[in-house]
Amino acid sequence: MNNKILRDLSYGVYIVGSKDKNKNVGCVVNTAVQITSSPVTIAISINHDNYTNKCIKASNIFSISILNEKNDNFLIGTFGFSSSKDTDKYKNVEYEEISGCPVIKNTNGYIVCKVISILETETHTIFVGEAIAMNKYMDENPMTYKYYHEVLKGSSPKKAPTYIENITEEIKGNRWKCTICGYIYEGDTLPDNFICPICGQPREVFVKI
Ligand code: FE
């Protein structure tokens, strides 16, 4: 099986928000799809080990904030590479609460859904939700998964539904890899005081590959 074909499936990049009692939680998701138009029904896929998964099951509500190409990488770093269990991911993020669910400002907009069905797979839960609120903030190019990989040089955590093992790309020059998020830096030397543009960790977490 040539798993490279999987990269030809198109996806966006989204931040899914939900509630843990009074605390706001969330994570990065790239599998969100509109299933029907009337009523608007959306499906997302989230790993069983992800804290947000548990919170959606308890609160029966989730939001999708649709990222665009101008959104800061730190949004993906904050929501994609740490757990809501230990951190308040919304601490340094502009957001508002819509129908009791956090949505991120400065994105293209949001869809808030109530859960109407749940399907379990071996590793992930598929949540199907009916939209109860949606709005557009701006009209930038939506961030695609391809853009995230190829332009931002971002990678996927192992828990992502579309994680692919062992994809090797052409190596030119020196490369360093962030051991936290997988971001690859290319260049002669890794600059002093370098900070990972995706997850915000210092140069010490980088290894030469
Ligand atoms: Fe990183």
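Counting starts at 1 for both ligands and their atoms, following the listed order.
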Asks: What do you reckon, are the aromatic ring centroids of Tyr185 and Phe206 less than 6.0 Å apart?
Replies: no
Asks: So, Asp20 side chain and Cys55 main chain: donor-acceptor pair closer than 3.5 Å or not?
Replies: no
Asks: Between the side chains of Ser65 and Thr107, is a donor N or O closer than 3.5 angstrom to an acceptor N or O?
Replies: no
Asks: Yes or no on salt bridge (charged side-chain N to carboxylate O under 4.0 Å, His left out) for Glu97 and Lys19, after CA distance, side-chain angles and deciding distance?
Replies: CA-CA 10 Å; Glu97 289 197 28; Lys19 274 281 182 193; 3.3 Å; yes
Asks: Partners of Glu120 by salt bridge (Lys or Arg N to Asp or Glu O under 4.0 Å), sequence neighbours excluded?
Replies: Lys57
Asks: By residue and atom, what protein N/O/S atoms are less than 2.8 Å from the Fe ion (ligand 1)?
Replies: Cys178 SG, Cys181 SG, Cys196 SG, Cys199 SG
Asks: Mark yes or no for whether Asn68, through its side chain, and Asn71, through its backbone, hold a donor-acceptor pair below 3.5 Å.
Replies: yes
